[in-house]
Every structure is written in C-alpha cells, then in structure tokens.
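Heavy-atom basis, side chains included; hydrogens, waters and symmetry copies ignored.
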Amino acid sequence: MNMPELVWGVVGFLLTVMILSYLIGDNFFFRLAAYLFVGVTAGFLTVLIARQILWPYLLQPLLEGSTYQRLWVLIPLLLSLMLILSQISQLRALSRIPLAFLAGLTAALVIGGAVFGTMIPQMRAVVIGFQPAAWHTESRSSWMHTVDAVVMLIGVIGTLSYFHFGSRFKRKTDSSDLSRPRLLQALARVGEVFIGFALGALFAGIFSSALLAMIDRIVFLGGWIARWVGGG
Amino acid sequence: MKRIIVILTASLTGLTILAGYFFQTQLANLTGLLIEWGILLVGLAGVIGVGYLFKMHLVRVAHWQKGSLLSLIVLVAFLVTVGIGFFLPPDSAFFRNWVLNIQIPVETSLLAILAVTMLFASLRIIRTRGWTLMSVSFLISALISLILNLHYLNPAIGTAGAEWLEFVRRLPLAGLRGILIGIALGGLIVGLRVLLGMDRPYEDES
C-alpha cells in the first residue's frame, strides 16, 4: 500500500467511525464529520457550477465568443445581474424578473414531464394490461394476465380515490355536514391497502440499500482493523 | 405595470417551452436557449445559496458564538476544496481523491445509520398509527418484499408458483402508479396556475 492510499484509507476509517458514533447518541465527533462533509460538498458544488455552468454558458461566450454569441449572452447576463443585485435589500424587487422566468420555465417543464413523462405512460401501462395481443409476449397464462390487469386498475383507481378530498354538501341535513360520496369512500379504503403495499415495498427497497451500506462499512472497518492488528 | 411585465415573463417563457413539445423541430433552438438560461440562473442561485452558507458560518466564527469551531471547519473545508478545485486542472486525481474520500465514507455511513433508524421507525408505526388498513398492509408488504429481495424463492419459470410470485411482486406497482399519477396531476395543476398567473411564487410577499 502506497502513502496516498494509506492516508485516504485512514481518513475514510476515521470518518466512518465518527459518523457511526451517532448510534450511541449525538456527539462532537459526529458533528465534526458532518460539518466537514458540508464544507467539502459546498466547495465541490461551487467548483462544479463554476466549471460546468457559469464558464460554458456565460463567461466563455462573453470573453471568447463571436459578436453574435456575445449579443445572445446579454439577456442571461442581465438576468444574472438582476439576481445577484437583488441580494442587496434595497434592490430586492429586481429578483422578480429572473425568478418569474425561472418559475415559468419550471412550470412548463413540470407540465411536460407530468403529462408526457408520467400520466400518459402510466395510464397506458394500466390500459395495456387488458390488451390480449400483449399477453403472448410473456410466459404467464392469460387468466393471470386478466387478474393482474384488473387488480392494477382497481389499485390505481383506489389510490387516486384515497387522495380525492372533495366532499358533497348535504342540504337536507345539518348545514355543516360534509361527506365524501359512499362509492368514493369504499374505493378510498381499497386505495389505502394499495398505498400500504406500495410504501411497504419502497420501504423494503430503501431498507435493503441502507443495510447493504451498513454491511459495506462494517466490512471496511473490519478490514482496516485486521490490517493494523495483523501489521499488513 | 411592473406586475404585468413579471407575469408576462413567466407566462411567455412557459408557453414557449410548452409550444416546444408540439413544434419540436421549429422551436428546438429557442427552447434549448431558454433552458440554457434557466440552467445558468439555477447555477447562479446555487452559488448565492452557498454564499449565504459561507456568510452564516463566517459571522458565527467572527463573533465566536456557540459552535464556532465547527463553523471554522466548514469554512476551512470549503476554502480548501474551492482552492484545489480552481487551481488544479479539472481532471486532477488529487481533487477527485479529496472530494470522494470524504464524501463516500460519510454518505455510506449516514445510509448505514438510516438502516437502524428505519428499523425502529417501522416498529414504532403501529404504536403511533394503530392497526389501520394502511399500517397492516405496509408491514405485510415490507416483510414480503424483504423476503423476495433475498431471492431465495426461485420457482421454475412457467409454473403456477412462478406466476403467483410475479403477481405478488407486481402488486405494489398498482399503488405506485396511482401515487405517480396523483403527483403528476398535482404538478399539472400547480404548473398551469403559475403559467396563468394565479399563483405567483416569484413575488416577494413582504
């Protein structure tokens, strides 16, 4: 093992012990490692933004680009200046234009992503389960496909019903009596079960990953201790 | 007047991007340019955020407040990382080692702590929420998924056992699809409200 490997190994060992010490309670060493992590990550983020975003999209075209490129950079330069200057409390109102630009851009990207990236593919996947032509591509029997498709449809409708908080106003009885339609209530109960299944599976996935990380750290610590004790 | 300009900026930007989904070839350059500007502003906002973090720790150190030693560590780690990152070439092995050999052990160890925390949290769910339909289905699903993730159950392909196992594996998908569609519907409504000027998150409420 050469010197840099040894040094980085010791750093990794110490940081692992410091973070894992949180298991016996919040302490100074845990916070030390956490603050070091915050500092390094903030620095890395700054370098990354400067090198991957600010330089290629703003500074390079401005300093080394053609006249046409420089003209096009004037708008983002102006927006950037407005955003920077708005940090001065007297000029706070300047941030509205760049933030409005960002809000409009993000809203449109969210709409596009929601419709074309999530809603259409997910609804298609539910509907396609009822299409017999697609069944022959898999090894499962047709009755199992039917059961699967029906359960999937009920699950999706139930889950959406669970999150439906609209209520019906009952005129004949007490004016404050607001209730969800009975069908919606029944579907919401079914949805509750399916949401439980979904969250349970997600929990199991994250828990498995976390457990693997724990095993990795224990193996790492064990390896280092064995190396020191063994003198290797 | 100022308000109209601001609302128009948000709406026109959003509508141009939305139009880009339908007229991809005609508007590709324009939408690409707008997205580049957006990336630039997000990056700049990130730098401003880091600047605030730096300022906060600097003030704490300058006034020697409680936790100033830890703040000093943040400042030193930040300055060293920025210094190495700017003075060494982008593909420098030392810079990579400096960042990764601190980030990876800390992140992995935090994930390891998460395993213990999640275990206790899952045991506590019954105590806080009681035996509800959701908590029971959550626990059953978590247990079955953990067993299935071990890959001990491997019935032969084409058998009834394999078909049922596949069915159980796919069961959480129904809820996940519902949740995803729900999130998408929420995103769609919020996005439309911003584009139509009904919600104006860019306005300073103070």
Self-check item: Intermediate values then yes/no, side chain to side chain donor-acceptor pair (under 3.5 Å), B:Q103 and A:T41
Solution: CA-CA 8 Å; B:Q103 280 188 335; A:T41 307; 3.3 Å; yes

Quiz prompt | Top of A:L58, A:I84, A:L83 for chain B proximity - count of heavy-atom pairs under 4.5 angstrom | solution = A:L83

Practice problem: Under 4.5 Å, counting heavy-atom pairs only, tell me which of A:A33, A:A114, A:A204 racks up the most with chain B. | Solution: A:A204

Practice problem: Look at B:F54, B:F94, B:W164 and state which one has the largest set of heavy-atom pairs under 4.5 Å with chain A. | Solution: B:W164

Quiz item: Are B:T16 and B:T13 close enough that a side-chain donor and a side-chain acceptor fall under 3.5 Å?
Solution: no

Practice problem: Under 4.5 Å heavy-atom distance to chain B, tell me which part of A:V193 shows up: side chain, backbone, both or neither. | Solution: both

Self-check item: chain B contact via A:L202 - which portion, at a heavy-atom distance below 4.5 Å
Solution: side chain

Practice problem: Check each atom of A:L153 against the heavy atoms of chain B and say whether the ones under 4.5 Å are side chain, backbone, both or neither. | Solution: neither

Exercise. Would you mind telling me which of A:G155, A:A213, A:A50 has the largest number of heavy-atom pairs within less than 4.5 Å of chain B?
Key: A:A213

Quiz item: Hey, what's the ring geometry for B:F22 with A:F116, parallel, tilted or perpendicular (30° and 60° as the breaks)?
Solution: perpendicular

Quiz prompt | Contact origin within B:V50 toward chain A - heavy atom pairs under 4.5 Å | solution = side chain

Quiz item: At a heavy-atom separation under 4.5 Å, does A:L199 approach chain B through its side chain, its backbone, both, or neither?
Solution: both

Practice problem: Tell me, for A:F220 versus chain B, whether the close heavy atoms (under 4.5 Å) come from the side chain, the backbone, both or neither. | Solution: neither

Practice problem: Tell me, for A:V115 versus chain B, whether the close heavy atoms (under 4.5 Å) come from the side chain, the backbone, both or neither. | Solution: side chain

Self-check item: Residue, of A:V110, A:D216, A:I218, A:T46, that accumulates the most heavy atom pairs under 4.5 Å with chain B
Solution: A:T46

Self-check item: A:L102 portion near chain B, given a 4.5 angstrom heavy-atom threshold
Solution: side chain

Quiz prompt | A:R31 portion near chain B, given a 4.5 angstrom heavy-atom threshold | solution = both

Quiz prompt | Proximal component of B:Y52, with respect to chain A [non-hydrogen, under 4.5 Å] | solution = side chain

Exercise. Kindly give the heavy-atom pair with the smallest separation between A:A198 and B:P172, and that separation in Å.
Key: CB-O, 3.6 Å

Quiz item: If you tally heavy-atom pairs under 4.5 Å against chain A, which of B:V99, B:L53, B:I140, B:L148 wins?
Solution: B:V99

Quiz item: Measuring heavy-atom distances to chain B, does A:I49 have an atom under 4.5 Å in its side chain, in its backbone, in both, or in neither?
Solution: side chain

Exercise. Could you check whether the rings of A:F203 and A:F207 sit parallel, tilted or perpendicular, using 30° and 60° as the cut-offs?
Key: parallel

Practice problem: Of all the heavy-atom pairs spanning A:I19 and B:S109, show the shortest one and how long it is. | Solution: CG2-CB, 3.3 Å

